[in-house]
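Before any comments, here is the structure.
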Protein chains: 2
Amino acid sequence: MPTLNTFDKQILRLLQRDGGLSQSQIGEQVNLSTAAVNRRIKSMQAEGIIDGQVAVLDPRRLGYPLTLIVEVRVESERIDLLEEMQRNFLACPQVQQCYYVTGECDFVLIFLVRDMEHYVALSQQLFHANPNIRGFRTMVAMSRLKTGMTVPVDD
Amino acid sequence: MPTLNTFDKQILRLLQRDGGLSQSQIGEQVNLSTAAVNRRIKSMQAEGIIDGQVAVLDPRRLGYPLTLIVEVRVESERIDLLEEMQRNFLACPQVQQCYYVTGECDFVLIFLVRDMEHYVALSQQLFHANPNIRGFRTMVAMSRLKTGMTVPVDD
DNA sequence: CGTGAAAATGGGATTAA
DNA sequence: TTAATCCCATTTTCACG
């Protein structure tokens, strides 16, 4: 596993802010030829350090103005029951994020929904319909102060 | 505000999965000429429906294997105190996401950290050092089952 | 790592439907 | 008005020094 040098880190920081930058633009900003930038990017992609590239959409413009954070507590931790639950969560497009956690609850989900009615319907289907779910607690996001999947890139 | 047709929605779904697709590849998949794809993408960018494009990095490969979800309860909701708090949260690169919420707590933060020691240090600085923070509750993510900022695109 | 040439892609204009 | 074809500018990629 190749250790990242200063150039690589600079490139990662730029790409994480704007994945649409051309390799020549990156080259200018970090003082490298486009060929060198190309090589480094390709190598980091092959290494799995760069996992991909995605378009960022505005949820409000697509009719999903509401963000909800939901904590789910389960009844039994039986592996087959947990896996079935996970499958249900992951299959739901409105479940934007899903974490399996330690602590006072078992899952934390982040929902993107059209309105509260929409969420009520989803929670019926995902939570109330599942006898292995002991309970859930919903928090409504008044503002999304920071979103994105940005990873710190240290010097 | 232009209503999205079936082509636009198909394009959005593709780009959200892989922002690196060429316009001709998209054209093939949705049965459209590259020029048509180009115009639609540009229009959606201008509209703000497409907000940008970012590289997705693997946090583990960058030395950030731990994801934590933290609920913060504040003492006073005084606007100036809240804003100062927000500034501190947002300025911290290890705070990947930050939501201001209703419900049993006031903020939900998602951290990316190197290890627990790292988190302890950050929590000292962000939470214990702030007298307006009544308390916080930390959950450790055992698995990140679904991440990303994907927005549902309905038919 | 940089240079330069070749290949691929992006983006505009024109034409056809 | 909308999409397809063609064409040129830009970008990416590769071989070599």
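Labels below follow one simple rule: chain letters A, B, ... track the order of the sequence lines, proteins then strands, and each chain is numbered from 1. Quick caveat, the model's predicted, so the values are computed rather than measured.
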- Task: State which residues pass side chain to side chain donor-acceptor pair (under 3.5 Å) with Ser76(B); sequence neighbours excluded, sorted by chain then number.
- Result: none
- Item | Working for side-chain hydrogen bond (donor to acceptor under 3.5 Å, both in side chains), residues Tyr99(B) and Gln97(B) | CA-CA 7 Å; Tyr99(B) 302 90; Gln97(B) 299 174 53; 2.6 Å; yes
- What integer distance in Å separates Arg40(A):CZ from dC1(C):C1'? 9 Å
- Rounded to whole Å, CD1 of Ile41(A) lies from C1' of dT12(D) at a distance of 10 Å
- Message: In this structure, is the centre-to-centre distance between the rings of His128(B) and Phe136(B) below 6.0 Å?
- Response: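 Ring centroids of Phe136(B) and His128(B) are less than 6.0 Å from each other.
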Solution key, residues 101-109 of chain A side-chain donor-acceptor pairs under 3.5 Å, sequence neighbours excluded:
residue	atom	partner	partner atom	Å
Thr102(A)	OG1	Val140(B)	N	3.4
Glu104(A)	OE1	Arg137(B)	NH1	3.2
Asp106(A)	OD2	Val74(A)	N	2.8

- Only one of Val30(B), Val37(B), Asp155(B), Asn5(B) passes side chain to side chain contact (heavy atoms under 4.5 Å, CB included) with Gln10(B); say which it is. Val30(B)
- Do nucleotides 3-17 of chain C as a string where each nucleotide becomes B, S or -: B if the base has a protein heavy atom under 4.0 Å, S if just the sugar-phosphate does, - if no protein is that close. B------SBB-----
